[in-house]
Structure formats: C-alpha cells, structure tokens
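As the structure lists them, so they are numbered: ligands from 1, and atoms in each ligand from 1.
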Amino acid sequence: MSFEYHEPTTLSEAIDLLARYGKTARLLAGGTDLMVLVSRNKVDLAHLISLDSVPGLSGIRQDERGNLVLGSMTTHREIETSPLMAGAGSALPQACRTVGGVQVRNLGTIGGNLCNASPAADTAPVLLAIDADVTLQGPEGSRNLPLNQFLLGPRKTALGPGEILTSITIPRFSNPTATLFLKAGRRKAMEISLCSVAARLTLGEDGTADVRVGLGSVAPKAIRAVRAESVLQGQVPTLELIREAGATAATECTPISDVRGSAEYRQMLVESLVTRALSLCLDQLRNKGQATRVS
Ligand SMILES: Cc1cc2nc3c(=O)[nH]c(=O)nc-3n(C[C@H](O)[C@H](O)[C@H](O)COP(=O)(O)OP(=O)(O)OC[C@H]3O[C@@H](n4cnc5c(N)ncnc54)[C@H](O)[C@@H]3O)c2cc1C
C-alpha cells in the first residue's frame, strides 16, 4: 500500500489536512491499532497524518477546578505510571496496565483506544464509570461530549469530518470515592478481554451511594449498566444489594458468542465481576474511612 505521510506541527494544520483529504486520510497516534490494519490492507488510505509533532496533545494535568485533563496522545504507560492517577482515578491505570505488553503501552494512546471504538477497548468502561468527557476540535471549533455520546458502536464514534479528539476530562469527586477495573480473558497477559468491568462508588455524608458500572466486550460498544446502578443508587450499600446489582448487570448486557467465549459465559462473568468490583470498592471506602479522590 502506498500513501502520503504528513507531519503537521500545529493542531489547526492537522485539522486542515484531515478536512481536506476526508475519508482518504487517517490520523496516526501510536499506530498500534491502525498500522495492524494497514499492514493487512484493511484500510483505504491515501494520506496518513501523524499527531506526533502537534504540541499540547500529551500529558496529564489538573485544571483550575481540580479535574484531571488527559491529552489524547497520552500513552497507556504514562497513565499507568503517573502519580496524578492515584486515588479515585486508580481504575484507569489498572485498565491501562492490562493493555497489550509494555511495548504496546509505550506507543498506544488513550485517544487511539477511544477513537478506534472497539467494544473491547479497556479504557472505555473505566472512563464511562468516572463520568469522563471528551473534547473534540475541528473546522467548526471545539465541543465537549460525555463519553457515552462519543462512542456510537463498533468502530463508530461521534467524530465529524476534520475533527480530532484532543483531550479527556475526568471530574474531581468531592466525596469519598473508590474505583476498580477487572478484566477477564483466556490468559492473564497480552489478551483482549472476554469481559471487563469498571465500578465507581462514591459515598455521601449520610452513607448513601452514587454508583457507576461500566462494561466492556459484552455489547456492541462499552456501556453503562444503568439498571444495575439504580439498584444501589441513593441506598446505603450492603452486600445483598451489591449481589442484586451484579445479577441485574448480567441481564442488561448483550454479549455475543465468539471464538473467545460464549454469550452465556460472558453474562456469568458480568454478574461475578460486577459483584466483586463493587464489593471491593465498598471495602476500600469502609476500611480506609477516608476520601480517595481523583485529584
Ligand atoms: C499486541 C497488541 C495488544 C493489544 N492489546 C490491547 C488490550 O489488551 N486492550 C486494548 O484496549 N487494546 C489493545 N490493543 C489495541 C491498541 O493498542 C489500543 O487500542 C491503543 O490504545 C490504540 O492507540 P494508538 O495510539 O496506537 O491508536 P492508533 O492505532 O494510532 O489509532 C487508532 C484509531 O484512532 C484514530 N485516532 C487516534 N488518535 C486520534 C485522535 N486524537 N483523534 C481522532 N482520531 C484518532 C486513528 O486514526 C485510528 O483510526 C492491542 C494492540 C496490539 C497491537
């Protein structure tokens, strides 16, 4: 396959190139998804636009409100090793740590993971569970979207013509919060998930719960298990309610059977992993008795 390689040095130049070449162009971040497709001739490509020399797209910072802002070119390895990701954001480094091997994590970016829009993308369930927003910049300017409105289906996102994902924002939680990511595969490393679960539990001053549950690999895109969340939402969490939330999550996912596992097995995994993730979050909060915060 032959294509023209572009290395813009500003965001507006990258947007112009993307808008000019339309569907014949692809953005290149770490290339760990895209170059596999290119090498297999599975993508129609005339223009490859690298984001490598565009300033301001990498790194993790705290904004003036205490939210965490992750540049779309931030690698899994940077997230995995950043001290800023301790506390309630810790499910994200947990997820990044399970992506491929170290070589893949040194190149692969969080933006590429989301824009590739695989139902098995490991960061997506976590970012849904911690209410992340994405920022897109394109020929018409900038816009923010909650992640569940960005992910539309397998390989489909809300990116419009000429738009680039520039950052992901994780809100600061003011009450004690715990998060956890669990992933099941056929082996323990270098594995695309059979099922992944992210849980976020925030306890109010009266002990009642604000809950999110994100699921990966068990629907056409990463989803929130909203009926499972509502079992616990506003309640003082107990193990009985947590078990009920786990069982409910299994009824609202829509897994397929494939070479990696049957739909029935994936539903069993959802029930067990959601129950385990929420129980561990509750343990973390009760045992520590103190706020674990994103920031
Ligand atoms: C051996 C191996 C193991 C892997 N294991 C896992 C795993 O366990 N879990 C997992 O989730 N993934 C896994 N992956 C997939 C991949 O590493 C991740 O999805 C990674 O985060 C992709 O990021 P990237 O920067 O390499 O994206 P790229 O390949 O550069 O891009 C992916 C897609 O997103 C688009 N894109 C990238 N950045 C932007 C942006 N800022 N704005 C708009 N569009 C953009 C590109 O045009 C392309 O279509 C694995 C890959 C390999 C090769």
Side-chain angles (χ1 to χ4, degrees), residues 3 5-6 8 11 14-15 17-19 21-40 42-58 70-80 92 94-127 134-138 142-143 145 150-151 154-168 181 183-196 198 214 216-217 221-222 260:
F3 48 81
Y5 178 78
H6 305 264
L11 186 59
I15 291 168
L17 285 165
L18 194 56
Y21 294 120
K23 289 191 173 150
T24 66
R26 285 298 185 102
L27 291 172
L28 176 69
T32 59
D33 276 316
L34 183 60
M35 296 321 283
V36 175
L37 298 178
V38 170
S39 69
R40 292 179 185 163
K42 287 200 170 157
V43 58
D44 214 5
L45 179 72
H47 297 273
L48 187 62
I49 305 167
S50 168
L51 292 175
D52 223 26
S53 299
V54 175
L57 293 182
S58 284
L70 284 72
S72 63
M73 288 288 282
T74 308
T75 63
H76 295 292
R77 188 74 182 142
E78 284 173 83
I79 295 169
E80 196 186 328
L92 190 59
Q94 282 165 7
C96 291
R97 204 165 291 130
T98 73
V99 172
V102 173
Q103 294 93 333
V104 169
R105 302 203 290 277
N106 275 332
L107 282 173
T109 63
I110 189 163
N113 198 231
L114 295 180
C115 294
N116 191 53
S118 158
D122 282 318
T123 63
V126 178
L127 292 169
V134 294
T135 302
L136 313 180
Q137 297 222 23
S142 167
R143 62 185 177 125
L145 281 179
F150 176 76
L151 297 172
R155 313 279 171 201
K156 277 201 198 122
T157 67
L159 281 166
E163 277 190 320
I164 296 177
L165 170 63
T166 52
S167 63
I168 296 114
F181 174 78
K183 169 173 170 176
R186 286 182 311 175
R187 53 178 190 239
K188 289 196 171 145
M190 295 289 286
E191 176 63 334
I192 300 295
S193 69
L194 259 171
C195 163
S196 64
S217 291
K221 60 176 193 162
R260 289 206 292 279

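Looking only at protein heavy atoms, the nearest one to atom 35 (C) of ligand 1 is C115 CB, 3.7 Å. For atom 17 (O) of ligand 1, the closest non-hydrogen atom on the protein side is T32 OG1, 2.7 Å. Among all protein heavy atoms, the one lying closest to atom 49 (O) of ligand 1 is R26 NH1, 3.3 Å. The shortest contact between atom 5 (N) of ligand 1 and any protein heavy atom is with G100 N, 3.2 Å.
Looking at H76 against ligand 1, only its side chain comes within 4.0 Å, counting heavy atoms. Within the 4.0 Å heavy-atom criterion, the part of T98 lying near ligand 1 is the backbone and not the side chain. Contact annotation for V99 and ligand 1: heavy atoms of both the backbone and the side chain come within less than 4.0 Å of the ligand. Of the heavy atoms in I110, none comes closer than 4.0 Å to ligand 1. Of the heavy atoms in Q103, none comes closer than 4.0 Å to ligand 1. Under 4.0 angstrom from ligand 1, the non-hydrogen atoms of A29 come from both its backbone and its side chain. Residue contacts with ligand 1, taken as heavy atom pairs separated by less than 4.0 Å, involve A120 solely via the backbone atoms N, CA, C and O.
The shortest N or O to N or O distance between L27 and ligand 1 is under 3.5 Å.
Listed for the S217 side chain is a donor-acceptor partner under 3.5 Å among the backbone atoms of S193. Side-chain atoms of R105 come within 3.5 Å of backbone atoms of V99 as a donor-acceptor pair (strictly under, hydrogens ignored).
Heavy-atom contacts of L159 reach the following atoms of ligand 1: 43 (C), 44 (N) (cutoff under 4.0 Å). Against a heavy-atom cut-off of under 4.0 Å, T109 is close to the following atoms of ligand 1: 20 (C), 21 (O), 23 (O), 24 (P), 25 (O).
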